[in-house]
Amino acid sequence: MTAIRSVVLGCGSYLPQQVLTNADLAARIDTSDEWIVQRTGIRERHIAAPGEFTSHLAINAAKAALADAGVEAQSIDLIVLATSTPDNTFPATAVAVQHGLGIHHGAAFDLQAVCSGFIFALATADNFLRSGAFKRALVIGAETFSRILDWSDRGTCVLFGDGAGAIVLEAQEQPGLSSDRGVLTTHLRSDGSHKTKLFVDGGPSTTQTVGHLRMEGREVFKHAVGMITDVVEDALARGGITARDLDWFVPHQANKRIIDASARKLGIPEEKVVVTVHLHGNTSAASVPLALGAAVADGRIRQGDLVLLEAMGGGFTWGAVLLRW
Ligand code: COA
């Protein structure tokens, strides 16, 4: 029996021009390149210019994804944008992106699941495409975390950066087999009992301010590997495969130690793991599509490859997507 699948037509990325290295940070606060690299693997991050907003980053990534897919913006009828750093409290940054791309039909909305945002957005778009509600979607992760960091808190400000990544998804009829192209299975989780371990201490309803990111780093670290490997194992089981069958593992780019420990626990060899965290730090919802974009651009990920995406973030939220490129 045939099945409607959400097939990836193309992907694109955008990183702001300004690069902030560990050495630049060490000149401002009490930290060192050695400490940051050893604990996180991060070497540099990109910072949005004054006047450069999340929507601008998202539009650049979306245009790159449309060009890579070889389709016109007018053919898009759904935009799902994952972000925790919207241009404004409302309207959704997705409508600014829709307007910036010259699209006036279909639907555009934001989705907020912090660092798991792209995984949640991809799963949401996949459900809309498979239901027949929409035909072609832009799924975007875009963030300007530099705007919500406390630059005097060395425990958090060294970890994050700005960026955006996007993919174009199309509903296509496939044979209904595990060899189908497109999204094969999605798994989403959240548990609000952890909500104070990684949060922003402001908001419209509480303080009427934007606030700053606060984190209990050790607590996040303690839970991350278990949550990630649990949800990945569910995705593999639902897909009827084992970790050995994967061609590529594209994890959330928060911390090299979390990536390495998760891959080791899952039995995924290092050469199949896509790592870009050293180049842009933790860009939250943008991190998975940025890593995906890098591995597609350099020819590692090719059509037909089996790819596992995962992320974990504030909430806590966590999730995994198994797809065939
Ligand atoms: N530079 C130098 N020293 C720093 C520092 C920095 N940027 N940040 C913290 N330290 C210091 C601390 O003050 C502390 O010093 P003390 O022992 O004198 O008090 C020491 O380093 C250890 O701090 P701790 O927070 O226990 O370090 P850690 O080994 O847990 O590493 C993280 C900190 C943040 C790197 C680590 O906890 C982590 O990676 N957590 C997960 C974070 C994450 O990925 N979050 C996003 C998930 S989406």
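Atoms within a ligand are numbered from 1 in the order they appear, just like the ligands themselves.
Annotation for V168: hydrophobic cluster partners, listed by chain and number, are L9, I59, L66, V71, I76, I79, L81, V97, L101, I103, L138, I140 (ILVMFWY side-chain heavy atoms under 4.5 Å, direct or chained).
The protein does not reach atom 14 (C) of ligand 1 closely, with no heavy atom under 4.0 angstrom from it. There is no protein heavy atom less than 4.0 angstrom from atom 19 (O) of ligand 1. Within a 4.0 Å radius of atom 5 (C) of ligand 1, the protein contributes one or more non-hydrogen atoms. Taking a distance limit of 4.0 Å, we find that atom 41 (C) of ligand 1 is approached by some protein heavy atom. Inside a 4.0 Å radius of atom 45 (N) of ligand 1 there is at least one protein heavy atom. Protein non-hydrogen atoms do reach within 4.0 Å of atom 30 (O) of ligand 1. Within a 4.0 Å radius of atom 25 (O) of ligand 1, the protein contributes no non-hydrogen atoms.
Side-chain contact, E170 with Q172: a donor N or O sits under 3.5 Å from an acceptor N or O. Between the side chains of T283 and E143, not a single donor N or O lies within less than 3.5 Å of an accepting N or O.
Taking only non-hydrogen atoms, the option from M215, R257, R154, H223 nearest to atom 43 (C) of ligand 1 is M215. Proximity annotation for atom 47 (C) of ligand 1: of N22, T317, V220, V220 comes nearest, heavy atoms only.
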Margin query: For a salt bridge (charged side-chain N to carboxylate O under 4.0 Å, His left out) check, start with the C-alpha distance between D180 and R324, then their side-chain angles and the critical distance, and finish with the verdict.
Written below: CA-CA 7 Å; D180 285 359; R324 192 176 297 282; over 6 Å; no
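Salt-bridge annotation for D247 and R300: absent, with no side-chain N of the basic residue lying under 4.0 Å from a carboxylate O of the acidic one.
At the shortest separation from atom 32 (C) of ligand 1 among protein heavy atoms lies W35 CH2, 4.5 Å. The closest protein non-hydrogen atom to atom 22 (C) of ligand 1 is R39 NH1, 3.9 Å. Nearest protein heavy-atom neighbour of atom 39 (O) of ligand 1: N255 ND2, 2.6 Å. Ranking protein heavy atoms by distance to atom 1 (N) of ligand 1, first place goes to T31 OG1, 2.7 Å.
With hydrogens and angles ignored, the 3.5 Å screen pairs a side-chain donor or acceptor of R181 with a backbone N or O of W325. Under the 3.5 Å distance criterion, the side-chain polar atoms of D77 are matched with a main-chain donor or acceptor of K135. Within the 3.5 Å criterion, the main-chain N or O of V277 finds a donor-acceptor partner in the side chain of Q253. D126 contributes no side-chain N or O that, together with a main-chain N or O of V183, makes up a donor-acceptor pair within less than 3.5 Å. Looking only at distances, no side-chain donor or acceptor of Q17 sits under 3.5 Å from a matching main-chain atom of H46. Using a distance-only test at 3.5 Å, with no hydrogens or angles considered, a donor-acceptor pair links the side chain of T54 to the main chain of T85. For D150 (side chain) and S152 (main-chain N/O), a donor-acceptor pair under 3.5 Å exists by modelled atom type. Judged by distance alone, the side chain of K197 and the main-chain N or O of G314 form no donor-acceptor pair under 3.5 Å.
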List, one per line, each side-chain donor-acceptor pair under 3.5 Å for residues 303-313, sequence neighbours excluded.
{"residue": "D305", "atom": "OD2", "partner": "W248", "partner atom": "NE1", "Å": "3.0"}
{"residue": "D305", "atom": "OD2", "partner": "R302", "partner atom": "N", "Å": "2.9"}

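Near G155, meaning under 4.0 Å from any of its heavy atoms, are these atoms of ligand 1: 8 (N). Every atom of ligand 1 is numbered from 1 in the order shown, and the set under 4.0 Å from a heavy atom of R218 is 24 (P), 26 (O), 30 (O), 37 (O). Within ligand 1, the atoms closer than 4.0 Å to a non-hydrogen atom of M312 are 48 (S), numbered from 1 in the order shown. Counting the atoms of ligand 1 from 1 in the order shown, those under 4.0 Å from a heavy atom of I258 are 44 (O). Heavy-atom proximity to C115, at under 4.0 Å, picks out these atoms of ligand 1: 48 (S). Of all the atoms in ligand 1, the ones that sit under 4.0 Å from a non-hydrogen atom of V158 are 7 (N). Residue contact check: A254 has heavy atoms under 4.0 Å from atoms 44 (O) of ligand 1.
For ligand 1, the polar-atom distance check finds no N/O of S32 at less than 3.5 Å from any of the ligand's N/O atoms. Checked by distance only, ligand 1 and L198 stay at 3.5 Å or farther apart across all their nitrogen or oxygen atoms. Among the atoms of N282, none of the N or O lies under 3.5 angstrom from an N or O of ligand 1. For ligand 1, the polar-atom distance check against H252 finds no nitrogen or oxygen pair separated by under 3.5 Å.
Atom NZ of K63 is surrounded by 12 or fewer heavy atoms from other residues, nucleotides or ligands within 6.0 Å.
Ligand 1 is never approached by I36 to a heavy-atom distance shorter than 4.0 Å.
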